[in-house]
Amino acid sequence: MTPALDLLKKVRAEHRIHSYEHDPKAASYGLEAAEKLGLDPAQVFKTLLASSEKGELLVAVVPVVGSLDLKALAHAAGVKKVEMADPAAAQRSTGYLLGGISPLGQKKRLRTFIDETAQPFATIFVSAGRRGLEVELPAAVLAEHTQAKFAPIGRA
């Protein structure tokens, strides 16, 4: 189990766990998950961390088929500028390894933003806290348990 799955179990949130054999040579962890689980890549989301000009870490959940729009995230967060967070800082703050960072069950609660393209799907897939492990849940459930805001932060 991972902290993400422990949290979902504890709060009795609606979710399903999906696992696959992770290939360490995979170029993109998110696209690998979509491919190996036979999913629409637009429904699979990656968890990225960005840092504001004040050093605040922010969590961004965006589709694996696109990228994070840093200006849009800064606007959504009400800060001047953000850049991708230092990988070591991201791992320290969340308690997860890169490629397996889940928006759920992080060591430290960070402000979280989910790309608005998640809302039309009945369920979305995010990392469950380990490479090769995804959790499927409604975007509203993810937002509720991360206190996330929906915003147009992804770029196709």
Side-chain angles (χ1 to χ4, degrees), residues 1-19 28-31 33-34 37 39-52 54-85 89-156:
M1 281 303 204
T2 66
L5 297 176
D6 291 342
L7 169 72
L8 292 172
K9 204 172 184 178
K10 181 179 157 197
V11 298
R12 294 194 169 111
E14 175 191 342
H15 71 284
R16 286 182 43 213
I17 302 165
H18 302 268
S19 64
S28 164
Y29 299 119
L31 290 173
L37 295 172
L39 304 170
D40 173 357
Q43 203 174 347
V44 181
F45 286 71
K46 57 189 169 187
T47 305
L48 303 172
L49 270 80
S51 179
S52 77
K54 295 175 185 146
E56 177 191 10
L57 288 177
L58 303 167
V59 177
V61 181
V62 296
V64 299
V65 290
S67 60
L68 172 61
D69 182 332
L70 293 169
K71 282 185 179 176
L73 176 61
H75 178 75
V79 297
K80 286 182 184 156
K81 187 178 167 197
V82 298
E83 59 187 23
M84 293 308 294
Q91 291 183 145
R92 257 193 323 274
S93 179
T94 64
Y96 293 116
L97 293 175
L98 289 185
I101 293 179
S102 178
L104 295 154
Q106 296 181 354
K107 275 194 335 193
K108 187 176 175 198
R109 169 104 15 149
L110 302 172
R111 285 202 295 154
T112 302
F113 299 86
I114 303 170
D115 187 61
E116 63 187 7
T117 60
Q119 291 178 292
F121 293 109
T123 59
I124 62 168
F125 295 78
V126 295
S127 174
R130 192 172 68 228
R131 296 171 190 163
L133 198 61
E134 293 284 305
V135 62
E136 175 185 5
L137 72 173
V141 170
L142 176 62
E144 177 187 349
H145 296 291
T146 56
Q147 267 90 61
K149 290 185 175 125
F150 288 99
I153 59 168
R155 202 178 7 208

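For clarity, every value in this text was computed on a predicted model and none was experimentally measured. Positions are given from 1, in the same order as the sequence printed here.
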Report yes if the side chains of [X] and [Y] come closer than 4.5 Å at any heavy-atom pair, otherwise no.
{"X": "Pro138", "Y": "Glu14", "result": "yes"}
{"X": "Gln106", "Y": "Val59", "result": "yes"}
{"X": "Asp40", "Y": "Phe121", "result": "yes"}
{"X": "Leu133", "Y": "Leu5", "result": "yes"}
{"X": "His15", "Y": "Val141", "result": "no"}
{"X": "Leu39", "Y": "Glu134", "result": "no"}
{"X": "Val126", "Y": "Val44", "result": "no"}
{"X": "Leu110", "Y": "Leu58", "result": "no"}

How long is the span from the [atom1] atom in [X] to the [atom2] atom in [Y], to the nearest 0.5 Å?
{"X": "Ser67", "Y": "Arg155", "atom1": "OG", "atom2": "CZ", "answer": "4.5 Å"}
{"X": "Met1", "Y": "Leu8", "atom1": "CE", "atom2": "CG", "answer": "9.5 Å"}
{"X": "His145", "Y": "Leu137", "atom1": "NE2", "atom2": "CG", "answer": "8.5 Å"}
{"X": "Arg131", "Y": "Ile101", "atom1": "CZ", "atom2": "CD1", "answer": "9.5 Å"}
{"X": "Leu57", "Y": "Arg92", "atom1": "CG", "atom2": "CZ", "answer": "9.0 Å"}
{"X": "Arg130", "Y": "Tyr96", "atom1": "CZ", "atom2": "OH", "answer": "11.0 Å"}

On a heavy-atom basis, which atom in [X] and which in [Y] lie closest, and how many Å separate them?
{"X": "Phe45", "Y": "Val61", "answer": "CB-CG1, 3.6 Å"}
{"X": "Leu7", "Y": "Gly105", "answer": "CD2-N, 3.8 Å"}
{"X": "Val79", "Y": "Arg111", "answer": "CG1-NH2, 4.1 Å"}
{"X": "Ala128", "Y": "Ser102", "answer": "C-CB, 4.0 Å"}
{"X": "Val135", "Y": "Ser127", "answer": "CG1-O, 4.1 Å"}
{"X": "Ser52", "Y": "Val82", "answer": "CA-CG1, 3.9 Å"}

Quiz item: Phe125: what forms a ring pair (Phe, Tyr, Trp, His ring centres under 6.0 Å) with it, not counting sequence neighbours?
Solution: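 With sequence neighbours excluded, Phe125 shows a ring pair (Phe, Tyr, Trp, His ring centres under 6.0 Å) to His18, given in chain and number order.
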Practice problem: For side chain to side chain contact (heavy atoms under 4.5 Å, CB included), just list the numbers for Leu98 and Gln91, CA-CA rounded to whole Å, side-chain angles, deciding distance to a tenth of an Å, and then say yes or no. | Solution: CA-CA 7 Å; Leu98 289 185; Gln91 291 183 145; 3.5 Å; yes
Exercise. Determine, stepwise, if the pair Met84 / Leu68 fulfils side chain to side chain contact (heavy atoms under 4.5 Å, CB included).
Key: CA-CA 9 Å; Met84 293 308 294; Leu68 172 61; 4.0 Å; yes
Quiz item: Name the one of Ile114, Thr117, Ile153 that satisfies side chain to side chain contact (heavy atoms under 4.5 Å, CB included) with Val62?
Solution: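 Answer to the side chain to side chain contact (heavy atoms under 4.5 Å, CB included) test with Val62 among Ile114, Thr117, Ile153: Ile153.
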Quiz item: Can you check whether Ala89's main-chain N or O pairs, donor with acceptor, with Ser93's side chain at less than 3.5 Å?
Solution: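 It does not hold such a pair.
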Self-check item: Trace of the side chain to side chain contact (heavy atoms under 4.5 Å, CB included) decision for Phe150 with Gln119
Solution: CA-CA 8 Å; Phe150 288 99; Gln119 291 178 292; 3.4 Å; yes
Below 3.5 Å, can you tabulate the donor-acceptor pairs from side chains in residues 69-76 to any protein atom, sequence neighbours excluded?
unit_1, atom_1, unit_2, atom_2, d
Asp69, OD1, Lys71, N, 3.1
Asp69, OD1, Ala72, N, 3.1

Quiz item: Does one side chain, of Glu83 or Ser51, offer a donor that lies under 3.5 Å from an acceptor on the other?
Solution: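 There is no such pair between these side chains.
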